[in-house]
Amino acid sequence: MGFNLKNIISIRDFKKSDINYILELSKNMEEQINNKIINKNQEGKLLGILFYEPSTRTRLSFETAMKRLSGNTVGFSQAESTSTKKGEVLHDTAQVIAQYTDAIVLRHKKEGAARYISEVTDIPVINAGDGAGQHPTQTLLDLYTIKNIKDGFKNLKIAIVGDLKYGRTVHSLVYALAMFNTEIIFISPNELRMPEEILNDLRKTRCKFSVSNNIENIINEVDIIYMTRIQKERFPDPKEYSKIKGQYNINKKMIEDTDVMVMHPLPRVDEISFNMDNTKNAKYFQQAFYGVPVRMALLDSIID
């Protein structure tokens with residue numbers, strides 16, 4: 001079993017065998033981290049990190065992953081500090097960074113940006129989130145988390161809650177869950193329902209799913225609740241955001257007598273109460289940690 005993708009742009013580019021390969025390699029990387037083994041696979045290599053939108057976990061976990069592989073990083077976390085401010089276009093920025101580095105990680109506000117620069121540069125490109133489009137590396141660490149906390153994917157029922165219209169994390173995740181025959185319940189306000197195009201794609205795969213707007217009714221029915229925040233920055237009209245924010249919240253009292261696990265790609269706003277953090281159900285900080293071994297596995301698989 002090998003890995004044949006040059007770029008990490010969309011989870012839809014992956015075969016199930018590609019996903020399983022990364023999950024297995026991630027396990028090896030996690031063991032190295034836990035045992036403080038120094039990995040020198042990318043010694044002397046340089047990763048370009050270009051973030052045109054804010055990020056904490058994704059950016060820092062990519063930097064950590066590359067350094068744990070004995071490589072290094074260059075880049076920026078604010079486009080305002082670059083020549084973009086002077087009018088430089090993404091094409092030219094990517095072409096220049098491709099001369100300096102061995103791979104590029106890009107986060108951009110425009111859907112399709114990562115795909116575009118993968119077509120105009122000769123080095124591997126990783127999509128770290130493109131607008132409301134895709135976030136494939138988040139999906140892979142989500143799958144790794146699910147596999148670890150549930151010992152696999154068999155007979156799982158997962159509720160995905162919150163902003164399903166603009167949420168790139170869930171847009172990626174559902175395609176992967178369909179590969180593993182996972183049953184999905186989509187829970188959101190009517191205004192933020194999963195796009196019909198994606199639901200139609202799921203129907204073609206015969207993925208079993210249902211749609212609801214009530215979270216309390218399903219708590220005892222599912223194995224995992226995957227929470228997402230209502231993304232203020234994606235709303236064209238701030239008034240529409242104000243109408244919807246705060247509709248969903250998970251707290252300790254709701255789940256303390258259940259075995260349901262709670263995940264979240266973070267950051268959270270008000271959708272998970274802080275009294276949840278020390279419960280056996282909370283898995284979102286463990287999920288964030290898994291970003292490092294998974295991204296180590298991805299970098300090690302695409303950089304020569």
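Values below: every heavy atom of this structure, side chains too, minus hydrogens, waters and symmetry copies.
- Between P195 and H171, the closest side-chain pair of non-hydrogen atoms falls below 4.5 Å.
- Among all heavy-atom pairs drawn from T58 and A128, the shortest one is CG2-CB, 3.9 Å.
- In the displayed structure, D151 atom CG is contacted under 6.0 Å by at most 12 heavy atoms of other residues, nucleotides or ligands.
- Ring orientation note: the planes of Y52 and H108 are tilted relative to one another, at an angle of 30° to 60°.
- By the 4.5 Å heavy-atom criterion applied to side chains, F180 and I146 are not counted as neighbours.
- For the pair F62 and T73, the minimum side-chain heavy-atom distance is 4.5 Å or more.
- Rounded to the nearest 0.5 angstrom, E191 CD and L164 CG are separated by 12.0 Å.
- Salt-bridge check for R12 with D201: passed, with a basic side-chain N closer than 4.0 Å to an acidic carboxylate O.
- A salt bridge is defined here as a Lys NZ or Arg NE, NH1 or NH2 lying under 4.0 Å from an Asp or Glu carboxylate O, and R203 with E196 meets this definition.
- Between atom NZ of residue K36 and atom CG of residue N34 there is a gap of 8.5 Å, rounded to the nearest 0.5 Å.
- Taking the six-membered ring for Trp and thresholds of 30 and 60 degrees, Y290 and Y144 have ring planes more than 60 degrees apart, a perpendicular arrangement.
- Side-chain atoms of N249 and S273 form a donor-acceptor pair, as typed in the model, at a separation below 3.5 Å.
- Within the 4.5 Å cutoff, side-chain heavy atoms of S301 are placed close to those of L25.
- Judged by distance alone, the side chains of R115 and S10 never bring a donor and an acceptor atom under 3.5 Å apart.
- For the residue pair Y175 / Q134, no side-chain donor-acceptor distance below 3.5 Å is found, with atom types taken as modelled.
- The residue from I250, I225, D259, I255 that alone fulfils the side-chain contact (heavy atoms from CB on, under 4.5 Å) condition with N281 is I255.
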Test log, rule side chain to side chain contact (heavy atoms under 4.5 Å, CB included), inputs F153 and N181: CA-CA 8 Å; F153 301 97; N181 301 315; over 6 Å; no
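- A distance of 13.0 Å separates CD of Q287 from CE of M261, quoted to the nearest 0.5 Å.
- You'll find the side chain of E53 stays beyond 4.5 Å of the side chain of R59, heavy atoms only.
- When each of N39, N41, N28 is paired with D300, the side chain to side chain donor-acceptor pair (under 3.5 Å) condition holds for N41 and for no other.
- The environment of E197 atom CD is sparse: at most 12 non-hydrogen atoms of other residues, nucleotides or ligands sit within 6.0 angstrom.
- Using a 4.5 Å heavy-atom threshold, the side chains of R229 and P267 count as touching.
- Scanning all heavy atoms of the two residues, the minimum distance from T279 to N275 falls at CG2-O, 3.8 Å.
- Two residues are said to be in side-chain contact when any heavy atoms from C-beta on lie closer than 4.5 Å; K67 and N72 meet this criterion.
- Within the 4.5 Å cutoff, the side chain of F209 has no heavy atoms near those of the M194 side chain.
- The distance from atom OG1 of T228 to atom OH of Y248, rounded to the nearest 0.5 Å, is 10.0 Å.
- A donor-acceptor contact closer than 3.5 angstrom links the side chains of D142 and Q138.
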